[in-house]
Structures are given as structure tokens and as C-alpha cells.
Amino acid sequence: MDGLFEVTSPEVRGGGTLSSDVSDSSPLAVRMRPRTLDELAGQDQLRAPGAPLRQLIEGDQSMSLLLWGPPGTGKTTIASILSLSTDRRFVEVSAVSAGVKEVRAAIDAARATLAATGQETVLFVDEVHRFSKAQQDALLPGVENRWVNLVAATTENPFFSVISPLLSRSLLVRLESLTDDDIRVVLDRAIADERGLAGRYEVAPEALDHLVRLAGGDARRSLTYLEAAAGAAAARDSAVVTLETAETAVDQAAVRYDRQGDQHYDVISAFIKSVRGSDVDAALHYLARMFEAGEDPRFIARRLVILASEDVGLADPTALPTAVAAAQAVQLIGMPEAQLTLAQATIAIAVAPKSNAVTTAIGAAVADIKAGLIGQVPPHLRDAHYAGSKKLGHGTSYVYSHDEPYGIATQQYAPDVVGDREYYQPTALGAEAAVKERWERVRRIIRGDDSGSG
């Protein structure tokens, strides 16, 4: 069945291979998948005695998990460990190719197995953020009734990408980015372990440093690169993986996109500030780094939509439609073609005239609200559609703008307490210069100020 992977033994798929079927020909990342929580790289907060995840696994409790963390940090491994340690049947649903039909079929099968044999099922959903609301809704009956032990993995903030009912019924586990030291432990273990290279190859220190650097905090990627480097050494009839061997083995120059701590945020911050600063070349550099690092293109698209309003605004009214169109195109065509769309939007927004007048305007208005400057809605603006409203004076003196010269009426719109506020201060940059001229004239007419304000 498309999108559905099922095994009846308490084993887990790793890169398409069951742990019970692992052979010497299986990918190194599959052969080296940790079998216990203690073998998990990094994640000290999860492996500590008394930690909720350890209690869940060792106590063999029925519970649904939501695993949130960067790629290669152990989300699939935790699902495997949970299945292996608790003797549960394992089923994986692909969030990329599965539909509601596959989700319901997996839950129905788990329910039937539970009723017939008493064996519980771990239902693993990778990249659950790719599921639509309807697909996530389909998971709820199985979770609520404990027909399945859901383990859902996501690289995106689940508070934005996962429906609230599913969040409230799952234990949220945050996985931290792996450090270079964590990656080095993974590689050292794979070099020596019988399941890995079994000590058949010596990896030069500078070659190991290179592999750690290329991994970018992704354990799976590091093992893939190590396997390629060992294969290149074998092709040369050598038992030593040199720096040159490692460099030539990795056919794509993986960019150092440090997911340990701040560099992930440094790159997106530099991208935002380069676009804001109108440096197209720098913006494209950081955009390319995010592409090569495997950043979610939807995340980049969202930042561009925000930039279009935050830093361009009405200085170029086409910036926001351009960014929104790019975001829609990313959803429509996906990667790698979406690189072109995101690059086009980045260039358009970077070269556009800049204005933060929208940002400062809403910021000033919100600040006044938070300061308690609320005030009563003027009587002539209040709802006048219900019986008795006119007796209260609601809407009786309202002036219909379209009946006035230029379609603008002189009357009070804001509450008294903020009647003199001028939140929107348009700049004279780009198209906003015309907006500035018109808005200043309009504001004088509305407020009955014939003296002008600039």
C-alpha cells in the first residue's frame, strides 16, 4: 500500500531496511542505528535517569510522542528504540505519500491486532508537519483510544504545524542539535564497531575533522559521508581514509550549516538583514547556504512574506504579492525548482525601495493599546442596525464618506483618547512618496485641519 510500511516484528525500518534484516550491504547509517537509549548520540536531557522519555520506554507505558528537532538528531531512532524495548509492532506511515485512507488503514489494523493478540502498535509518522489538517485529524481516534502509540516526528515548530488536539494528547519531546563532539562520537563508534567498519579502515584526523564539518550536526549525513569515504579508499586498495579521499568521495560540497545553537539563526538573520539592506549578492549567498543545508523552503518563503511588509511596505506595493506568490509556488512545485522562485522573490524584495512605516505604525498602535489607551467608540460610528440603537444616539450623526467631496468626510473616527495620534508616518521613498502626499492631505480633511501638517 502506497505510503504505508508495516512489520509484524518489533523492529524498525531505517532507511528502508528492517533492523532484523540488516546485512553488510545495508547502509552504514542503518547498521549503526542505536538499539538503546544509552547509545543515542547527544540528547543528554532525554537519556538522564528519571527523564520522561526514559520512564516511558523503561516503564513500558502507552503514550503518544511528538518528537521535534533538526534532521539527523535521532527522531527515527527513538521510534525504533521504543518499538524494540517494549516489544510492540511497528508501522510507519509516510507523510509525503500517504493520505487519509492509509492513515485510517494503519489505525484499523493496529486496533484489530490489539483486539486479537493484545500486542500494541507503534505508529511512526515522519515529517508529520507535511500532513494536512484532515490527515492529522485522522490520527486522533487511534491516539485517543490508545489503539496506537503514535510517534510523530517534525523538524518544524509543532505549535504552528500540528493541530492542537494532537498536541494536547502527545508528550512533546524536544531534541537538541548535535554538536561536533556528538558527531565525532558517532563516527568513532562506526569506525570501530563490528556493525560498522569494524576497524578495517584508519581515518586520518584531518579527514575525520572534514567529515564532522560537512555533517553540519546531522548524524545520518555524517555516516553517509563516512561510508562514501571508506568506499573510495577501498577502490584505491587502501585501508587509510585520507583528507583527499574524503574530499573526493563526497560528491556534493556540503555547506557547514551549524545546527548546534546559534549559527542556524545566524544564517537566517544574515539573510533577513541583507535583504533589508538591499544587498542582493549577500542575500543570494545566504539563500544558497540555506538551500544546500536542506532548510525547509516554506520557512524561507514565510520570512520573505514578513520582509515584504516589515521592510518594504508601501514603498513597493508589489513586494507582498510577489512574496505571497513565491510562497504559493513553493507549495505547488517543491524543491529543487522552488529555488528559482525563492531567488526571484529575494532579488525583487532586496532591490525594492525600503520603508518600515508599516512596522512602526502597527507597533505604535499596539503600544497604545497595551498602555490602556482604549477609549469608547464614537457614538456616530457605533452599530445602528438593531432596534433602539437610534434612541441611544448610535450612528445618527454619521457622515457617509461617498456623499462628500473627494469621498472623504470630516468627522472623528478614533476614540478621544487617541484622537491626535499619527501612527502611520509614510516615507518619501519609492511608491510610498505618493502615498505620503495623499495621506497627509486626507488626514487634514478628516481632522478638519486646514492649516496643514507638512
Side-chain angles (χ1 to χ4, degrees), residues 1-22 30 33-40 46-47 49-67 74-95 97-128 131 134-154 158 162-163 165-173:
M1 183 179 296
D2 290 343
L4 184 64
F5 178 88
E6 179 176 351
V7 295
T8 54
S9 62
E11 305 293 331
V12 66
R13 179 175 74 167
T17 306
L18 301 180
S19 296
S20 57
D21 295 331
V22 169
V30 173
R33 188 179 298 283
R35 296 158 296 188
T36 67
L37 203 56
D38 290 327
E39 290 184 1
L40 188 66
L46 304 182
R47 297 186 290 111
L53 183 60
R54 182 175 287 278
Q55 290 185 41
L56 176 64
I57 293 175
E58 294 179 350
D60 194 9
Q61 302 175 31
S62 295
M63 173 66 72
S64 291
L65 294 178
L66 187 55
L67 307 176
K75 298 185 291 296
T76 305
T77 294
I78 289 175
S80 169
I81 292 170
L82 178 61
S83 178
L84 287 167
S85 301
T86 59
D87 194 32
R88 287 182 171 94
R89 173 175 166 269
F90 185 91
V91 174
E92 179 176 352
V93 173
S94 170
S97 58
V100 172
K101 179 181 178 181
E102 286 78 13
V103 171
R104 288 176 176 163
I107 292 175
D108 288 344
R111 183 181 182 184
T113 301
L114 182 63
T117 68
Q119 185 182 32
E120 297 184 8
T121 297
V122 171
L123 176 60
F124 179 62
V125 181
D126 198 10
E127 298 188 275
V128 69
F131 265 176
Q135 288 168 304
Q136 293 187 34
D137 281 337
L139 292 167
L140 287 175
V143 172
E144 290 175 336
N145 295 287
R146 296 280 174 88
W147 295 330
V148 296
N149 290 268
L150 176 68
V151 180
T154 178
V162 178
I163 60 173
L166 202 54
L167 264 176
S168 64
R169 290 165 174 80
S170 304
L171 174 64
L172 179 59
V173 176

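What you are looking at is a predicted structure, and each value in this text was computed from that prediction instead of being measured.
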Test your reading of the model: is there a side-chain donor-acceptor pair from S168 to the backbone of P165, 3.5 Å cut-off?
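Answer holds: yes.
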Tell me whether S64 contacts the main-chain N or O of L150 through its side chain, where contact means a donor paired with an acceptor under 3.5 Å.
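Between the backbone of L150 and the side chain of S64 there is a qualifying donor-acceptor contact (under 3.5 Å).
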Heavy-atom neighbours of R104 CZ exceed 12 at 6.0 Å
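Atom CZ in R104 is not packed in, count stays at 12 or less.
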Would you say the side chain of L40 lies within less than 4.5 Å of the side chain of T77, judging by non-hydrogen atoms?
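T77 vs L40: side chains touch.
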Please report the shortest heavy-atom distance between [X] and [Y], naming the atom on each side.
X: V125; Y: L139; result: CG2-CD2, 4.4 Å
X: D38; Y: R47; result: O-NH1, 3.8 Å
X: R88; Y: L82; result: NH1-CD1, 4.2 Å

If you measure from CD1 on I163 to CG on D137, what distance do you get to the nearest 0.5 Å?
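The distance works out to 4.0 Å.
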Exercise answer: donor-acceptor pairs, residues 140-147 side-chain atoms, under 3.5 Å, sequence neighbours excluded:
residue : atom : partner : partner atom : Å
E144    : OE2  : R169    : NE           : 3.0
E144    : OE2  : R169    : NH2          : 2.9
N145    : ND2  : P141    : O            : 2.8
R146    : NH1  : S62     : O            : 3.2

K101 with D108: basic N within carboxylate O range, under 4.0 Å
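Between D108 and K101 there is no salt bridge, as every charged N stays at least 4.0 Å from the carboxylate O atoms.
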Partner set under side chain to side chain contact (heavy atoms under 4.5 Å, CB included) for Q135, not counting sequence neighbours
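Listed in chain order: V100, F131, S132.
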Which of these passes side-chain contact (heavy atoms from CB on, under 4.5 Å) with V148: V122, L123, T113, L114?
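The side-chain contact (heavy atoms from CB on, under 4.5 Å) with V148 is passed solely by L123 among V122, L123, T113, L114.
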